[in-house]
Amino acid sequence: MNHLNRQTYALPDDLVAAVRASLRAWYESGNVHRLWARDATLWTGTDEGGWLGWLGIIEDRRESETYLRAIAEEVGPARFTHALLLGMGGSSLCPEVVAGTFGRQAGYPELYVLDSTDPAHVKGIEQRVDLADTLFIVSSKSGTTLEPNMFTQYFYDRVGQVVGADKAGSRFIAITDPDSTLQQLAERLGFRRVFHGLPSIGGRYSALSTFGLVPTAIMGVDALALLDRAAEMARACASCVPIEENPGVTLGTILGILAARGRDKVTIVASPDIRRFGAWLEQLLAESTGKTGRGLIPVDREALGPPDLYGADRLFVYLRMVSGPDRSQDAALDALERAGQPVVRISLTDPYDLGAELFRWEIATAVAGSILGVNPFDQPDVEASKVAARTLTAVYEQTGSLPPEAPFLQERGIALFSDQRNAAALTEAAGRDRSLVGYLRAHLNRLQSSNYFAILAYIEMNDAHEDVLGLLRHAVRDAKRTATCVGFGPRYLHSTGQTYKGGPNTGVFLQITCDDAIDLPVPGQRFSFGMVKAAQARGDFQVLTERHRRALRVHLGSDVEAGLATLHTAFQQALRR
Ligand SMILES: O=P(O)(O)OC[C@H]1O[C@H](O)[C@H](O)[C@@H](O)[C@@H]1O
């Protein structure tokens, strides 16, 4: 066992037997060899073979060295004070994890990531950077994603106003697949450089390619060191390694086998230094496996509690930083293990071990996808929300407003919306108490054992809002003993949104929207940031309800803080027995 391969698991006996049986079957069928041979029949036998380019990324070290040297020469230390990455999902989450884990490096730009259309969020980020001294990294594999295109239009215009239109392009680079529309845009606007991704690697598997490594190098973190740790992990996951010692395959087998037996809430626990890793992992697990009514539900950043808070639908994964463990996490995980909950433990010696984790989890996800019988490389239900949002945006462009909608309750500045089916079910369950508290109680009472509760918040993503949403989720977890998730829109649409719509129909959703106190125009477009965010929220809600999900939308008005405070009070009353 090498130092990267410190992974142990403690499972109830029946699950150990099932995991071992599956590993044996994989060994007998030569499945690890088939995986490395990119054999699509390991999954659904469609186009999977074309999406496994990430398996070879380690072999391309020399190529990585070349572009990392180019970026060093291009933007070098001390040339920019800030770097602002504009991108969604797989094009933004790895850089966000690296920035959050390593922090600012002396002499290098501080990296921020913009992945929200919330106008207050966009403005807040703009105010944190020095526009004249910022390198903008437009990151989009396809080049057609709405959000990065809007961000680029906005910031290219803003930078032009500050440094002159002819110099704006020199502050921009792009990371995109060859010949994408983003590449064409970059050429037209005179970006200083375009870095290419590999078309055989999908967004969420692109962390160890240009999409993860270029921003890593720009912030002054040793990208090759990450890649080298990943290479060690790749060797540990090779087909010649005895299967029970293969860390990625074993982990993937545990994920797949336990999910197939109802333990599909993969509860991610990470040491404080690497707590951001879960944001990347969520997307990988949820988008890859959550489809055709099957899949994993990642649960990130839910506080740990005593064993009696958890049902039989959990798997705990503990990523523990040896150099800085949190003793209360250690104690909580020990107690869970003693209580018979399944726990996988992974040790990291330093933050560069994240490189190994990226690869371990990619292999594990591919294996889990095979066991669950899904294609882990597509995201069919993400597209549905995009289509719905596009249709609503088109209506706005033609008429100047979104289609009218009517709340079924208005109280204390909060309005409740849903589709007819959900509204009728909630009204019936609320009985005579047709108040905010009555409806919330009715909605939360829909949670049955092994269900999960997800808050989908289309508000500014900041610490204060995260704190209040944390209070809401934990109140539900404690009262109902169910798993809870929190996602900010539109960010989660490119991540966990896939499994919420396409995975098991076990979620109870609370969407939170608001009126934007300020809005921002998008240069050259009729729509604004606020309008697009509203269309994205409505489009996603529509798709959730079309998929017969149990969903309620709470609209807060323009004073988000006051609205959240009212909602919190109402939650406490609704959960009181
Ligand atoms: O990199 P892009 O092409 O802009 O894609 C960004 C994201 O968009 C979509 O929503 C996909 O579901 C994600 O998997 C992807 O990472």
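Note that ligands are numbered from 1 as they come in the structure, with each ligand's atoms numbered from 1 the same way.
- One finds no salt bridge joining Arg526 and Glu397 here, because no Lys/Arg side-chain nitrogen approaches an Asp/Glu carboxylate oxygen to under 4.0 Å.
- Note on Arg171 versus Asp133: no salt bridge recorded, every NZ/NE/NH1/NH2 to OD/OE distance being 4.0 Å or above.
- Residue Lys141 touches ligand 1 through backbone and side chain together, judged by heavy-atom distances below 4.0 Å.
- For ligand 1 and Gly89, the ligand atoms under 4.0 Å from any heavy atom of the residue are 16 (O).
- From the protein, the heavy atom lying nearest to atom 6 (C) of ligand 1 is Met88 O, 3.3 Å.
- Taking the six-membered ring where the residue is Trp, the centroids of Phe527 and Tyr396 are separated by 6.0 Å or more.
- Between atom 4 (O) of ligand 1 and the options Thr176, Asp177, Thr145, the minimum heavy-atom separation is to Thr145.
- Checked against the 6.0 Å centroid threshold, Phe80 and Tyr108 do not count as a close aromatic pair.
- Between Arg301 and Glu466 there is a salt bridge, since at least one side-chain N of the basic residue sits less than 4.0 Å from a carboxylate O of the acidic one.
- Regarding atom 3 (O) of ligand 1, its nearest protein heavy-atom neighbour is Ser142 OG, 2.6 Å.
- Near Gln283, the atoms of ligand 1 lying under 4.0 angstrom from a non-hydrogen atom of the residue are 13 (C), 14 (O), 16 (O).
- Remark: minimum distance from atom 16 (O) of ligand 1 to any protein heavy atom is reached at Gly90 N, 2.8 Å.
- With respect to atom 1 (O) of ligand 1, the closest heavy atom belonging to the protein is Ser91 OG, 2.6 Å.
- The heavy atom nearest to atom 13 (C) of ligand 1, out of those in Glu147, Glu383, Glu287, Lys386, is found in Glu287.
- For ligand 1, none of its N or O atoms has an N or O atom of Gln379 under 3.5 Å away.
- Between Arg61 and Asp228, at least one side-chain N (NZ, or NE/NH1/NH2) sits under 4.0 Å from a carboxylate O, which counts as a salt bridge.
- Considering only non-hydrogen protein atoms, atom 10 (O) of ligand 1 sits nearest to His494 ND1, 2.5 Å.
- Once rounded to the nearest 0.5 Å, the distance linking CG of Leu354 with CZ of Phe102 reads 6.0 Å.
- For ligand 1, the polar-atom distance check against Val382 finds no nitrogen or oxygen pair separated by under 3.5 Å.
- Between Tyr205 and Trp54, the ring planes are parallel. Angles under 30° get that label, and only those over 60° would be called perpendicular.
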